[in-house]
Amino acid sequence: MAKVKITFWRVILAILMVAGAYATYIRFFKGLGASTNLSDAFPWGLWIGFDVMCGVMLAAGGFTLTAAVYLFNLKKFKPIVRPTVLTAFMGYLLVCVGLFFDVGRGLVLWHPLVMWNPRSVMFEVAWCVTLYTTVLSLEFAGVLFERFKLDAALRVQKAIIIPLVILGVVLSTLHQSSLGSLYLILPNKLHPFWYTPILPVLFFLSAICVGLAMTIFESSMSAKHFGKQLELPLIQGLGRTLLVMLSIFTVVRFEDLFHRDALRLLSHGGWETGLFIVEILMACIIPIGLLLIPKVRENPKGLYLAAVICLLGFVTNRLNVAVTGLESSAGQHYFPKWSEIAVTLAIIAAGFWIFALAVKYLPIFSHEPIRAAKAQEEELIAPREVELWNAQP
Amino acid sequence: MSKSILYDATLCIGCKACEGACAEHHGLPYNDAIAAETKQSDHKYTVVLTKDDKFMRRLCMNCQDPTCASVCPVGAFRKNALGPVTYDGSKCIGCRYCLQACPFSVPKYEWSKTWPLVRKCDMCADRVTNGQPTSCAEICPTGATKFGERDDLIAEAKDRIAKGEGKYVNHIYGVEEVGGTSVLLLSSVPFETFGYKTDISKEALPMYTSRVLEKLPDVVLLAVVSLGGIWWLRNRKEEVAAAEGHAVPNKA
């Protein structure tokens, strides 16, 4: 059974890679016009709206979890630091690949590093992507050092991990929020459901929600495919935190809509209203409703369901800001060409594949963290842990 | 000192000589087929639009505080002190934020090329720098497109509206729009007729992002200190305990 399954996924992977390779050929040898449905009226599409906007958002577990474990000292979450940092690292590498496809002159993508324009949000984004990808690679390097027994390097990495984590959290805060700031320049173009001066704040808060939801989602996925999952109390803790963060996000979102008097537009109808309602239901109302029920938030399947709905809701949010919210002012609809979809799917498939390889060959779920999670009693009687235990007031 | 173009639609006869002169000056092809195109594109920087017996030009507004210059991550766009907004293609990475951000949707992209550039009217920056008028203003047979000092042209436009006995819409498009532009428009029909938005921000758009960006250094400093502080508060006891080799509560 297991063999058939693997073969099935390998076939899917191969198909996606072939389609992606052909689309890549069209993109780089025929140009953006031949490979995308982008136009002067609609210059950003799927690659920016999904690959970059959603890719960065879905990588948010990295900074959320490293902050929780290393800075807030919530040690119980340590077992999931590595998988979430790996996800974030994969996410950012794929964002870089997506950007390379999207920009017209990928070979000079490094220009913002030497040709500065600090007035530009895109300049900030470029620096954040570069620096945070570097930080993530250093955070992740510990896994490689451990695997290949490079003790000296591992010691250095451990010595600088706190400054690294702080830098990572600061860069993520800037990057997540700046993706929202990108759209501040469009007060007359972006639909009022989504255009707000607090876009950067909303992007940051939703990134934290997504970081938590992604961690719950990943834990369930790794339980299914790698037979490794988190202790239930940990996922429940994540679920409770998600409930609080979603509530905060929802309050801020509605306060803003209310103060800008944007809710009156609901009566205008139209497909923007439909998308707005779908987004609010999936990102806010349904997950909060589900998580408020004790039976749901104490049960792994219930948590998984709430997390998935929430993730889809925030993907809808990002696509509304980046694509659909701009269609009215652009005066035309945009739907990606097959080659845009093929590239995106190939990038995602490559991400899953690399993740699976990393889990197979590197100490991602195994080793000290998983032991710490599984054998809490063992931990408590270990000498150092006794000290920690006693340290609690 | 700042130059401008004043386009008075009531004087325009729709001969499209400006389109041809623009194409010639920028080394672009121009023929009957291109003359019939009614959209600005990577090979047509200005168009003369026709509706019934009314005309209107579209070209880069060459904003006083250009949005394209503020959003470009590599600073490829520059506002020339004389008025033109120029573009340096050798810097461009092709992110197309300028296309997205321009309030007038002016910059166009070379979608069919594999090493594409952004294309737009640059108010004939080379000519203007040499003290010449723009090629469109120079060729205009009726004076509908006029080149001169911005302040003089605004005064003249006001004068024309005042003496026009209701011929004009009482508005000079470009004096206040997005903080002012180096292209000024007069029309006898509402500007919306030809796609010019009048509900557009009166404030220069770069302000919308600079309000956020200028807070960045403060946010970074505050975040570093706060996060470092949280780490110290939450982990310090353990560090001390580990270093001294005994449990913390003994000291408490």
Side-chain angles (χ1 to χ4, degrees), chain A residues 28-34 36 38-41 43-44 67 70-73 99 102-106 108-109 111-112 115-126 162 165-167 169-170 173-174 177-178 181-182 184-189 197 200 326 330 384 386-388 390-391 393, chain B residues 39-42 67 69-76 91-97 99-101 103 105 107-118 197 199-201 205-206 208-213 216 219-220 223-224 227-228 230-231 234-235 237-238 241-242 246-250 252:
Chain A
F28 289 105
F29 290 90
K30 307 283 175 189
L32 283 164
T36 70
L38 298 174
S39 64
D40 287 329
W44 289 354
Y70 290 103
L71 305 181
F72 288 84
N73 202 12
L99 275 174
D102 186 78
V103 302
R105 306 181 140 217
V108 295
L109 201 47
H111 271 181
M115 299 168 186
W116 287 25
N117 181 17
R119 289 177 80 197
S120 165
V121 181
M122 191 64 86
F123 172 77
E124 185 200 344
V125 168
I162 297 300
V165 168
I166 292 177
L167 190 60
V169 175
V170 171
T173 307
L174 295 184
S177 59
S178 64
S181 306
L182 279 180
L184 288 178
I185 204 84
L186 305 173
N188 304 107
K189 287 186 176 177
L326 290 165
R384 171 119 195 265
V386 171
E387 287 169 17
L388 295 179
N390 289 340
Chain B
K39 271 188 174 173
Q40 283 163 283
S41 64
D42 61 348
T67 312
S70 93
V71 300
C72 180
V74 292
K91 290 183 172 179
C92 184
I93 61 170
C95 71
R96 308 185 298 283
Y97 194 15
L99 277 80
Q100 185 76 282
S105 302
K108 305 297 173 195
Y109 208 56
E110 295 178 329
W111 295 102
S112 56
K113 296 195 176 172
T114 51
W115 194 243
L117 289 170
V118 173
K197 292 175 192 162
D199 57 351
I200 206 161
S201 169
L205 294 188
Y208 285 78
T209 43
S210 63
R211 273 195 287 260
V212 173
L213 284 171
L216 277 188
V219 170
V220 168
V224 168
L227 292 168
I230 287 166
W231 167 77
R234 299 283 297 166
N235 294 267
K237 277 192 238 168
E238 284 174 28
H246 60 72
V248 180
N250 297 346

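Just so we're on the same page: letters track the sequence lines, and every chain starts at 1.
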Heavy-atom pairs under 4.5 Å with chain B: which of [options] has the most?
{"options": "T173(A), L174(A), I162(A)", "answer": "I162(A)"}
{"options": "D102(A), N117(A), L99(A), V121(A)", "answer": "N117(A)"}
{"options": "Y70(A), F29(A), F72(A), W44(A)", "answer": "W44(A)"}
{"options": "S177(A), S39(A), A330(A), S178(A)", "answer": "S39(A)"}
{"options": "V108(A), D40(A), T36(A), V103(A)", "answer": "D40(A)"}
{"options": "P187(A), S181(A), A126(A), P197(A)", "answer": "P187(A)"}

For this session: Could you give me the CA-CA distance, side-chain angles and deciding distance for V165(A) and L71(A), then say whether side-chain contact (heavy atoms from CB on, under 4.5 Å) is met?
Result: CA-CA 8 Å; V165(A) 168; L71(A) 305 181; 3.9 Å; yes
Validation row: [X], [Y] side chains within 4.5 angstrom (heavy atoms):
{"X": "M122(A)", "Y": "L182(A)", "value": "yes"}
{"X": "P118(A)", "Y": "L213(B)", "value": "no"}
{"X": "R105(A)", "Y": "L117(B)", "value": "yes"}
{"X": "F123(A)", "Y": "W116(A)", "value": "yes"}
{"X": "P200(A)", "Y": "L184(A)", "value": "yes"}

Side chain / backbone / both / neither for [X] at chain B, heavy atoms under 4.5 Å:
{"X": "P112(A)", "value": "both"}
{"X": "L326(A)", "value": "side chain"}
{"X": "L109(A)", "value": "both"}
{"X": "L32(A)", "value": "both"}
{"X": "F28(A)", "value": "backbone"}
{"X": "I185(A)", "value": "both"}

Side chain, backbone, both or neither: which part of [X] has an atom under 4.5 Å from a heavy atom of chain A?
{"X": "I230(B)", "result": "both"}
{"X": "K197(B)", "result": "side chain"}
{"X": "V224(B)", "result": "both"}
{"X": "K113(B)", "result": "backbone"}

For this session: Heavy-atom pairs under 4.5 Å with chain A are the metric here; pick the option from S70(B), A101(B), A69(B) that has the most.
Result: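 Highest number of heavy-atom pairs under 4.5 Å: S70(B).
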Exercise. Pick from T67(B), D42(B), V219(B), L216(B): which one has the most heavy-atom pairs with chain A under 4.5 Å?
Worked result: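 Between T67(B), D42(B), V219(B), L216(B), the count favours L216(B).
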Exercise. Do Y97(B) and S120(A) have side-chain N/O donor and acceptor atoms under 3.5 Å apart?
Worked result: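 Checked: Y97(B)/S120(A) side chains show no N/O donor-acceptor pair below 3.5 Å.
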Exercise. L38(A) and P43(A): which non-hydrogen atoms are nearest, and at how many Å?
Worked result: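 Looks like CD1-O, 3.7 Å.
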Problem set entry | Closest contact, heavy atoms only, H111(A) versus K91(B) |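 What the structure gives for the nearest pair is ND1-O, 2.7 Å.
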Problem set entry | Residue list, ring pair (Phe, Tyr, Trp, His ring centres under 6.0 Å) with W111(B), at least two apart or on another chain |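 Partners of W111(B) under the ring pair (Phe, Tyr, Trp, His ring centres under 6.0 Å) test: Y109(B).
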Exercise. Within the distance-only criterion (no hydrogens, no angle test), does the side chain of R96(B) pair as donor or acceptor with the backbone N or O of G94(B) below 3.5 angstrom?
Worked result: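 Such a contact is found between R96(B) side chain and G94(B) backbone.
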